[in-house]
Number of protein chains: 2
Amino acid sequence: MPKPTADSAALGLGVDRTSPVPLYYQLARQLETAIEQGLLAPGSLLGNELELAARLGLSRPTVRQAIQSLVDKGLMVRRRGVGTQVVHSRIKRPLELSSLYDDLEAAGRRPATRVLRNTVEPATADIAAALGVAEGSDVHLVERLRYAYDEPMALLCNHLPPQLLDLGTERLESTGLYRMMRSAGITLHSARQTVGARAATVEEGELLDEAAGAPLLTMERTTFDDGGRAVEYGSHVYRAARYAFEFQLLVRP
Amino acid sequence: MPKPTADSAALGLGVDRTSPVPLYYQLARQLETAIEQGLLAPGSLLGNELELAARLGLSRPTVRQAIQSLVDKGLMVRRRGVGTQVVHSRIKRPLELSSLYDDLEAAGRRPATRVLRNTVEPATADIAAALGVAEGSDVHLVERLRYAYDEPMALLCNHLPPQLLDLGTERLESTGLYRMMRSAGITLHSARQTVGARAATVEEGELLDEAAGAPLLTMERTTFDDGGRAVEYGSHVYRAARYAFEFQLLVRP
DNA sequence: ACCTGCGAATTGTCAGGACATATAGTCGAC
DNA sequence: GTCGACTATATGTCCTGACAATTCGCAGGT
C-alpha cells in the first residue's frame, strides 16, 4: 500500500447545516486545515468523491466544488481513474497583493512614513495611460519616504485618480495606502508589476542614506479594483540590501 | 440604459456537441475572444444565465462553469441581483511561468547559451532544503551564460534533482531548461521566486561585460511540478539595464 | 423632496442522476 | 515469461430541478 487512502472518519470532517457558511466552503476549510496539520499526508489519496459525499451527507457536486477549490490553490491533484491526492510538498498560496506598510508591520519592523509631496497635478502621458484617464487631467501625486526601524527603506511615488480617496497627509503618515483604499470600500483585485534594478541617483542616495550609484530595486505597479478600473500607479525604489520581492507564479493552462 | 445588455445572438455564440472539447470550455473561449475583440464592451452586462443557457441549448451549470472560468481570470465580475459584466479595463492574464529562453525567443532576440559548468555535486544545506533532498546527496549543477543579440544578458546557476533529466551540454546550449523538462513529460505547476538587487562582483562583471559594482537584478526560484515536487532551484543574475521582470499579482480571498 | 417597504430580477448554493473517459491492475493467450 | 485485452474504479462532463440571498427599482407614505 504505497499510497494509503486517508481515513476521512478520523479527520473530524462534518458540516453544520445550520450555519450560513456554504457547505462546500466548510468542507474545503476542513480539508485545508487537515493538510496543514499533516493529518492528510502528502501523496495520500483522498477517498473517492461518491463515498465521501455519502459519508458527509452531501451531494457529489458539493464535494467536488470543495475539492476543486483546493486543486485551484495547488494543494491537491486530481487524476482520472486514480483519485485525488495531496501534493507532496507544501505549495504556499500565492502571496496576497500586499502593501509595503502591511508587510513591514506584520514583520514587526515598526514602519513609519514621511510625506514629501502630496499635491494634485496634471497627468503626463504615461501616467494617464496607466490610470486610464485623459492626459492633462488632474491626478493625485503622493511621494513618501518609508522607514523601518527608523532607517530609510524605500522611496514611494504614487499617482491616483482624482476623487478616489481623501488623501490627508496625517493619515498617510500613520498608515498604508492600500489600507486607506480598503477602508474606503475599494476592493483590490490585481496588480501588474515590473521589477528591475538600477543605480541610485544623488538625490535618491541622500534620501535613502546610500551612496550615489548604489544598487536599488525598482518596482512599477498599476493596481486594479474588482471592476477593472486602475486605482493606483506607483513607482517605487527600494534599498537593495534591505528589501527583496518574494512571490509565487502559477501556471495557467 | 447606461449598461446595455450584450446581444448574445450577434456574438456568434454556439456550441458543437459533436466536438470532444467540453461545452463549457467552448463557451468560455468564445466569450473570451468576444471580449478581446471588443464585441463585449467593458462594463456591458452579459445576459442572465438562464436565458443564455436556453438560447444555447445548454444547462445553467454548464453556462455557469464557463462564466466562472472567466471570472477567475479576472475578465468578468458577477454581482448577485445585478448580473455578470465585463470588467472595465483589460486585465491581462497572469504571465505564464516562463523561461528566460522562451521569453527571449518570443521577442525575437536570438538567444544563445554558453555552458560554463555541467556536473554532479553533493547538495549543500540550502540547496538540499530547496529541492527536498538529503543534504550531501548528488544533485545536478548547471551554470550557463545567456546571450541575446550576441551580448551577455544573464548568468544562470541551476540545481536539479538527480535522474530527472538527461542534461546534455549540447542540448543545453541549443534550448531552454523548461523546454527540456516539458519534453521529458514534466508538467510544471508553480514557482516560488525571490527578486532582489545587488552590485556585481568582479567575476560577474567580466562575464556579463559590466563594471564591478554595477547594479544587477537577482532572482532565486524554486519550481514545482504538478505533483508538488521541486524540480529545479535556480539562482540567476541579470544585467539590470537589459532586463526586468513583469508579472501580475492576483488577490486571493 | 426624502425615506421606507415591497417585489422583481439575478446570481449563489445544493441535490441527485446519467453517461463518458482515462487509469491501473488482472487475467488470459501466446 | 511477456504482451495484450478486458474490467473495475475514479474523475470529467452534463442535465434538470429547487430554494436562498442579494440587489435595485418603484410605489407609497411622510
Side-chain angles (χ1 to χ4, degrees), chain A residues 1-6 8 14-29 31 43-72 76-86 185 187 226-227 253, chain B residues 1-6 8 14-29 31 43-72 76-86 185 187 226-227 253:
Chain A
M1 193 161 43
K3 290 178 179 176
T5 297
S8 50
V15 295
D16 175 13
R17 287 191 170 273
T18 67
S19 164
V21 178
L23 301 180
Y24 77 91
Y25 191 77
Q26 293 184 37
L27 178 56
R29 287 299 298 266
L31 290 174
S44 66
L45 284 166
L46 196 64
N48 75 60
E49 297 169 352
L50 284 170
E51 191 190 351
L52 190 58
R55 174 155 45 230
L56 296 173
L58 297 171
S59 70
R60 189 179 161 218
T62 303
V63 173
R64 273 183 69 77
Q65 192 174 1
I67 295 176
Q68 188 60 45
S69 70
L70 299 180
V71 172
D72 289 340
M76 291 183 153
V77 186
R78 324 179 84 133
R79 273 192 293 167
R80 184 186 306 201
V82 179
T84 305
Q85 49 183 309
V86 182
T187 304
D226 59 358
Chain B
M1 194 158 36
K3 292 179 181 178
T5 297
S8 51
V15 295
D16 174 13
R17 298 192 91 95
T18 68
S19 164
V21 178
L23 301 179
Y24 76 91
Y25 191 75
Q26 293 184 38
L27 178 56
R29 287 298 297 264
L31 289 173
S44 67
L45 283 168
L46 195 65
N48 76 61
E49 296 170 354
L50 284 171
E51 190 189 352
L52 191 57
R55 174 154 44 231
L56 295 173
L58 297 171
S59 71
R60 191 181 160 218
T62 302
V63 173
R64 274 183 68 77
Q65 192 174 2
I67 295 176
Q68 187 61 46
S69 69
L70 298 180
V71 171
D72 290 340
M76 293 184 150
V77 187
R78 323 179 86 135
R79 272 191 292 165
R80 185 183 309 200
V82 179
T84 304
Q85 50 183 310
V86 183
T187 306
D226 59 357

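Being a predicted model, the structure only gives us computed values, none of them experimental. All chains are named by letter (A, B, ...) in the order of the sequence lines, taking the proteins before the strands, and each is independently numbered beginning at 1.
For the salt bridge (Lys or Arg N to Asp or Glu O under 4.0 Å) test, no residue two or more places apart in sequence or in another chain qualifies with B/Arg80. With sequence neighbours excluded, no residue satisfies salt bridge (Lys or Arg N to Asp or Glu O under 4.0 Å) with A/Arg29. Under the rule for a side-chain contact (heavy atoms from CB on, under 4.5 Å), the partners of A/Ser59 that lie at least two apart in sequence or sit in another chain are A/Pro61, A/Thr62.
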Which atom pairs link the protein and nucleotides 15-17 of chain C when you take only N or O atoms and keep those under 3.5 Å?
unit_1, atom_1, unit_2, atom_2, d
C/dA15, OP1, A/Arg17, NH2, 2.5
C/dA15, OP2, A/Ser59, N, 3.0
C/dA15, OP2, A/Ser59, OG, 2.8
C/dA15, OP2, A/Thr62, OG1, 2.5

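Note that CD1 of A/Ile67 and CG of A/Leu52 are 6.0 Å apart. Values are rounded to the nearest 0.5 Å. If you take OG on B/Ser44 and CD on B/Gln85, they are separated by 8.0 Å, rounding to the nearest 0.5 Å.
If you find the closest nucleotide of DNA chain C to B/Pro20 and to B/Glu49, the one lying nearer the 5' end belongs to B/Glu49. Along DNA chain C, the nucleotide nearest B/Thr84 and the nucleotide nearest A/Tyr25 are compared for position; the residue whose nucleotide lies closer to the 5' end is B/Thr84.
The shortest non-hydrogen separation linking A/Asn48 to A/Leu50 is OD1-N, 3.1 Å. A/Asp16 and A/Gln26 get closest at one heavy-atom pair: N-OE1, 2.8 Å.
Taking 4.5 Å as the limit, every side-chain heavy atom of A/Leu27 sits out of range of all side-chain heavy atoms of A/Leu23.
If you measure from atom CG of A/Asn48 to atom P of C/dA24, you get 17 Å, rounded to the nearest angstrom. When the P atom of C/dA24 is taken as reference, atom CZ of A/Arg79 falls 6 Å away, rounded to whole Å. Distance, B/Gln85 CD to C/dT10 P: 13 Å, rounded to whole Å. Counting to the nearest Å, the C1' atom of C/dT10 and the CZ atom of B/Arg78 are 10 Å from each other. Atom pair B/Met76:CE and C/dT10:C1' shows a separation of 15 Å (rounding to whole Å applied). Note: CD (A/Gln26) to P (C/dT13) measures 12 Å, nearest angstrom.
Applying the salt bridge (Lys or Arg N to Asp or Glu O under 4.0 Å) test to residues at least two apart or on different chains, the pairs with a partner in residues 56-70 of chain B are B/Glu49-B/Arg60, B/Glu49-B/Arg64.
Nucleotides of DNA chain D lying under 4.0 Å from heavy atoms of chain B occupy a range whose first and last members, 5' to 3', are D/dT13 to D/dC24.
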